[in-house]
There are 2 protein chains.
Amino acid sequence: MVTSKKRETPVTKEELYERALAIADAEGLEALTMRRLAREVGVEAASLYHHLPNKDALLDGVVIRMRQEIVLPEPLPEDWRELMLEIFAAYRRTLAAHPNLMPLAGRRVETDPDSGLVFLTQLGFSDDDAVELWQSMIAFIVGFSVFSSAYSESGVSDLPSALAARMVDWRDETCLRTLRIIIDGYDAGRAAPATS
Amino acid sequence: MVTSKKRETPVTKEELYERALAIADAEGLEALTMRRLAREVGVEAASLYHHLPNKDALLDGVVIRMRQEIVLPEPLPEDWRELMLEIFAAYRRTLAAHPNLMPLAGRRVETDPDSGLVFLTQLGFSDDDAVELWQSMIAFIVGFSVFSSAYSESGVSDLPSALAARMVDWRDETCLRTLRIIIDGYDAGRAAPATS
DNA sequence: ACCTGAACACCGTTCAAGT
DNA sequence: ACCTGAACACCGTTCAAGT
């Protein structure tokens, strides 16, 4: 478990983020303490504060580190709707690979919408429409991932048992289906103002 | 701040949930400690364990307590699509009223889908379709609420400034617009199997 | 049944001191 | 520049003891 007793090379931020992610993945967020992380990298807890201002910065780093794992399939689809679908499906795959990190989902951390958002505007979306579509997809993907990793044993009480059983499983198909609906909906509503 | 020095009546769970919610609303989740809650209800921290098994149960109670605040407008719309929209808009209103609780969003806690889910099946939705629509709306609403309460100062980095500025504000209109798209999408796809 | 006092095993964080 | 030791001010939780 503990890796080394004496380090010959200084600790780096990247190392800390990586080890912290590994701990959280393996044993959950509660296991990720400064003391534990320090032990794991072969250093005293106090030493970590030479590299990080506080634990919050560590958690931010972990979330950013996780997002870097998002990998798009090759080759990219030519149809823009399929492309959007792939981007957010990839996002979901990464979130699903780190269920223990879901409580951190809503963290304020730099989200870079790649060039995807700009791309949408080049397709003829207004700035507003492009942003609203992008926000909606992020919100849905994150929300869906949160529930699909947390719902496992929750009690859905008074429903007919068939519905109750179905309600606790959150399928990839559902996620993709709704993503597609959102994309197509914004495609159809392009340029049309969102009058209530 | 502290309310009483000696209680004449025993502490109740409901009282604890209510006070805990008030603390979290007013000062954030970090301010909500067992010791603080105890002080606020006029008791020692250890006494709380006569009413709750642990802090997790307290947080569950707080989330349930919050959900009880969801209030649907009167009269209810007759059109079922408008009804669904109202249900989830009401959900969102309640979430938005408790931004400090958003980190608790993905908690495994009894979610009772009222009779709404059953209602959908009576409209001709298959069990699968009804559940998928319901899950999608919950996921979207919670995700959107998380981001709209947390995004405030996050750094959206390399975008054209107009897009960047727009990207940090999460509007109710956007939320409603996408909710409507999801509902209409499932309405149109009713009974049609979700083939990829 | 309900509450208290005191303790236990932790936390994150600071700071003077070492190299 | 990087690390350590020891401390500080907290946590959640347990348990014997009181009423």
Side-chain angles (χ1 to χ4, degrees), chain A residues 1-24 26-63 65 100-101 103-104 107-109, chain B residues 1-24 26-63 65 100-101 103-104 107-109:
Chain A
M1 204 66 70
V2 177
T3 322
S4 54
K5 26 190 56 176
K6 217 67 185 186
R7 298 183 55 97
E8 70 294 350
T9 173
V11 168
T12 68
K13 282 186 188 187
E14 277 61 35
E15 184 186 2
L16 293 179
Y17 298 149
E18 175 142 4
R19 296 305 230 120
L21 178 57
I23 294 171
E27 302 174 43
L29 233 29
E30 335 77 44
L32 177 54
T33 67
M34 297 301 267
R35 288 169 142 99
R36 167 70 189 278
L37 175 60
R39 181 155 40 91
E40 202 119 346
V41 298
V43 110
E44 291 300 311
S47 309
L48 298 181
Y49 292 86
H50 287 277
H51 307 96
L52 300 168
N54 50 44
K55 187 177 181 181
D56 242 53
L58 175 67
L59 295 180
D60 284 351
V62 169
V63 171
R65 178 66 165 74
N100 292 345
L101 262 55
L104 268 36
R107 212 137 237 280
R108 323 181 174 183
V109 149
Chain B
M1 207 67 68
V2 178
T3 322
S4 55
K5 28 189 56 175
K6 218 64 186 188
R7 298 183 56 95
E8 68 296 347
T9 175
V11 168
T12 67
K13 283 185 186 189
E14 276 62 36
E15 183 186 2
L16 293 180
Y17 299 149
E18 175 143 5
R19 295 308 229 118
L21 178 56
I23 294 172
E27 302 174 44
L29 233 29
E30 336 76 43
L32 177 54
T33 67
M34 298 299 267
R35 288 169 143 99
R36 167 70 189 281
L37 175 60
R39 181 154 40 92
E40 201 119 346
V41 298
V43 110
E44 292 299 312
S47 309
L48 298 181
Y49 292 85
H50 287 276
H51 306 97
L52 300 167
N54 50 44
K55 188 177 181 180
D56 242 51
L58 175 68
L59 296 179
D60 283 351
V62 169
V63 170
R65 179 67 166 75
N100 292 346
L101 264 55
L104 267 35
R107 212 139 238 280
R108 323 181 173 182
V109 149

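Here is how names work: the chains are called A, B, and so on, in the same order as the sequence lines, proteins then strands, and each is numbered from 1.
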Please name the pair of heavy atoms, one in A/A20 and one in A/V62, separated by the smallest distance, quoted to 0.1 Å.
CB-CG2, 3.6 Å
Interatomic distance, A/E30 CD vs C/dG12 P [rounded to whole Å]
12 Å
Picking from C/dC11, D/dG12, D/dT4, which would you name as closest to the side chain of A/T33?
C/dC11
Taking atom P of D/dC10 as reference, at what distance in whole Å does atom CE of B/M34 sit?
18 Å
Assess the residue pair A/L32 and A/L58 against the criterion (side chain to side chain contact (heavy atoms under 4.5 Å, CB included)); give the C-alpha distance rounded to whole Å, side-chain angles, the decisive distance to 0.1 Å, and a yes or no.
CA-CA 10 Å; A/L32 177 54; A/L58 175 67; 4.3 Å; yes
Rounded to whole Å, the NZ-P distance (A/K13 to D/dC2) equals 11 Å
In residues 45-61 of chain A, which residues come under 4.0 Å of DNA chain C by heavy atom?
A/A46, A/Y49, A/N54, A/K55
What is the distance, rounded to the nearest whole Å, between atom CZ of A/R39 and atom P of D/dG5?
15 Å
Select one nucleotide: of D/dG12, D/dC3, C/dC2, the one nearest the side-chain heavy atoms of B/P10.
C/dC2
Working for side chain to side chain contact (heavy atoms under 4.5 Å, CB included), residues B/E27 and B/R36
CA-CA 12 Å; B/E27 302 174 44; B/R36 167 70 189 281; 2.8 Å; yes
Any donor-acceptor pair under 3.5 Å linking the side chain of B/R7 with the backbone of B/V43?
no
Could you check whether any side-chain N or O of A/N54 sits under 3.5 Å from a backbone N or O of A/A57, counting only pairs where one atom can act as donor and the other as acceptor?
yes
Nearest-Å distance, CD (B/E44) to P (C/dC3)?
11 Å
Rounded to the Å, how far apart are B/R35 CZ and D/dT13 P?
11 Å
Between A/L37 and A/R19, which heavy-atom pair has the shortest distance, and what is it?
CD1-CB, 3.7 Å
Report the distance from atom CG of A/L32 to atom P of C/dC10, rounded to the nearest whole Å.
17 Å
Counting only Watson-Crick pairs (N1-N3 plus N6-O4 or O6-N4) and G-U wobbles (N1-O2, O6-N3), all under 3.5 Å, who is the partner of C/dA7?
D/dT13
